[in-house]
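These numbers come from a predicted model, not from an experiment.
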Amino acid sequence: MIITVTPNPALDVSYRVAQLNPGRSHRVRDVHERAGGKGLNVSRVLHGQGIRTLVVAPVGGAHGDAIREDLDAAGIEHLLLPVPGPTRRTIAVVAEEDTSGEATLFNEPGSHLGEADWQRFRALLTTRLAGAPVLVCSGSLPPGCGADSYAELVGDARSRSVPAIVDATGPALLAAAEAGADLVKPNAVELRETTGQDDPVTGARQLRDRGAAAVIVSLGPDGLLAVTGEGSWRAAPPFAVSGNPTGAGDAAVAALAAGIAGQQDWPERLRNAVAWSAAAAAAPVAGTLDGGVLREISDRIAVQPA
C-alpha cells in the first residue's frame, strides 16, 4: 500500500461565478467542496487507477471532519491525526465567461502545528511504514514545522528500507535531498528558486550532489526531465494537452510512486508519469485522469537520453 503524507491538507472549495470583477460583489452560482492537498491528490489518482493507497494527514475542526467524510465517500483509506488547529481551505473562483478555464486561487496558510503534534504525527506514520512499497511526502509544510520536517520522514522511511519521494520546494526540498530521498520532484520554477540554477539539468545535478538518488523535474507541456544514478532522460508528450494544469504534477508523482512499487525501469516510469500528468491536465478536477487522453497518449510518448 503506497502511503502519502500531506502535512498541510486543505478543504478545496470551488466557487463558480458568471464573471470575476475585482472590487465588486459576486453571486456564486455553484459551490463544490473536496478533500485536497498534494498528497491527497496523489492518493486519489492511485485509487482511481486501482492501486491501494493510504492517506496520512493531520486534520482539525469542521473542515477536517469534511475531509474525513469526503475520503470515506470516495473509498480512500486514511489515517488522520486529530490536531487542535482547524484545517485550512483553498478557494478557487472560476468565471464561466473565461473560456481558458483558469481559476483564481486563494490559499490559506494553515494552522500552526507545534513540535509535540509533529512528533505525534511522525509516531502515527511509523506504525504503518514497515512493509510499505513507497512513501510520498507532498506539499507545503504548515506553520510551526521546520524545514527539516520532510528530512525527518525520509530518515524514518530509510530506516525501514522504504523508498521516499518528496515533492516540495526551497529549504524543505534541500533538506530532503540531503537526507537521501530516493526521488525529489520539483517543477522548473521550484528548482530554479531552490538551487538558483536556470538550467534544469544543472539544478537537478546539484540536488543529486546534495544526496537525492533521483531528481525528476516537471517541465510543464514539455514533459519531464530525469537525472538519476542510472542515467538521464527527457520524456515529452506527442502534443500539448489543453485544460487545467492543477494536479498534473501530483498525477506524475502518483505514476512515479506506482513505478517504484512495481519495479519498472526508468523509461517506463517516465512514460507513465507524462501520460498520467497529461490526462490529469485534461480532467476537470485535480486527482482525476481523463481516460480518453490517457489511452490516446500512452503509447506515443518519446523518452530520449538527456
Side-chain angles (χ1 to χ4, degrees), residues 1-9 35-59 67-68 70-72 74-81 121-122 124-139 149-168 176 179-185 212-216 218 224 226 228 247-266 268-277 279-280 283 286-289 294:
M1 179 184 295
I2 295 174
I3 299 176
T4 66
V5 168
T6 311
N8 201 18
K38 293 179 71 63
L40 273 73
N41 290 338
V42 172
S43 278
R44 202 181 289 274
V45 170
L46 290 169
H47 180 74
Q49 296 303 302
I51 299 171
R52 285 193 69 193
T53 183
L54 175 71
V55 168
V56 183
V59 297
I67 284 178
R68 183 179 289 104
D70 186 62
L71 292 174
D72 285 339
I76 299 174
E77 296 182 59
H78 55 78
L79 191 61
L80 304 180
L81 176 71
F121 184 67
R122 284 182 68 188
L124 181 67
L125 173 62
T126 55
T127 64
R128 302 298 293 271
L129 265 181
V134 187
L135 172 69
V136 177
C137 303
S138 291
S149 296
Y150 277 150
E152 293 176 348
L153 301 187
V154 170
D156 293 339
R158 287 174 58 83
S159 69
R160 292 163 176 79
S161 301
V162 177
I165 298 174
V166 177
D167 183 2
D182 295 85
L183 189 157
V184 295
K185 196 218 69 66
V215 181
I216 310 298
S218 295
L224 297 174
T228 80
D250 301 329
V253 171
L256 293 167
I260 291 175
Q263 299 182 334
Q264 298 171 347
D265 60 24
W266 274 110
E268 184 66 15
R269 293 179 201 178
L270 296 172
R271 194 172 289 112
N272 288 336
V274 170
W276 289 22
S277 179
T288 57
L289 305 182
L294 186 61

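A 4.5 Å side-chain heavy-atom check between Pro9 and Pro58 finds at least one atom pair inside the cut-off. Counting only heavy atoms from C-beta outward, the side chains of Arg269 and Thr228 never approach each other to under 4.5 Å. Looking at heavy atoms from C-beta onward, Ser43 lies out of side-chain contact with Leu54 at the 4.5 angstrom threshold. Contact of the Leu79 side chain with the Thr127 side chain is registered, since non-hydrogen atoms from C-beta on lie closer than 4.5 Å.
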Listed pairs under 3.5 Å, donor-acceptor, residues 250-262 side chains, sequence neighbours left out:
unit_1	atom_1	unit_2	atom_2	d
Asp250	OD1	Lys38	NZ	2.8
Asp250	OD2	Asn41	ND2	3.0

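Of all heavy-atom pairs spanning Trp276 and Leu289, the tightest one is O-CD2, 3.3 Å. Among all heavy-atom pairs drawn from Lys185 and Asp167, the shortest one is O-OD1, 2.9 Å. Here the closest heavy-atom approach between residue Tyr150 and residue Ala176 is recorded as CB-CB, 4.5 Å.
With respect to Leu135, the side chain to side chain contact (heavy atoms under 4.5 Å, CB included) criterion is satisfied by exactly one of Ile165, Asp182, Val56, Leu125: Leu125.
The structure places CG of Leu124 at 5.5 Å from CG of Leu81, a figure rounded to the nearest 0.5 Å. Here Gln49 contributes atom CD and Leu294 contributes atom CG; the two are 6.0 Å apart, rounded to the nearest 0.5 Å.
Sorted by first and then second residue, the side-chain hydrogen bond (donor to acceptor under 3.5 Å, both in side chains) pairs involving residues 153-164 (not counting sequence neighbours) are Arg122-Asp156.
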> Run the side chain to side chain contact (heavy atoms under 4.5 Å, CB included) check on Val55 and Arg44 step by step: do they pass?
Replying inline: CA-CA 9 Å; Val55 168; Arg44 202 181 289 274; over 6 Å; no

>> Assess the residue pair Ile216 and Leu270 against the criterion (side chain to side chain contact (heavy atoms under 4.5 Å, CB included)); give the C-alpha distance rounded to whole Å, side-chain angles, the decisive distance to 0.1 Å, and a yes or no.
In response: CA-CA 9 Å; Ile216 310 298; Leu270 296 172; 4.0 Å; yes

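Judged by distance alone, with hydrogens and angles left aside, the side-chain atoms of Ser138 form no donor-acceptor pair with the main-chain N or O of Thr6 at under 3.5 Å. A donor-acceptor contact shorter than 3.5 Å is absent between the side chain of His78 and the backbone of Ile67. Checking side-chain atoms of Ser277 against main-chain N and O of Ala248 turns up a donor-acceptor pair under 3.5 Å.
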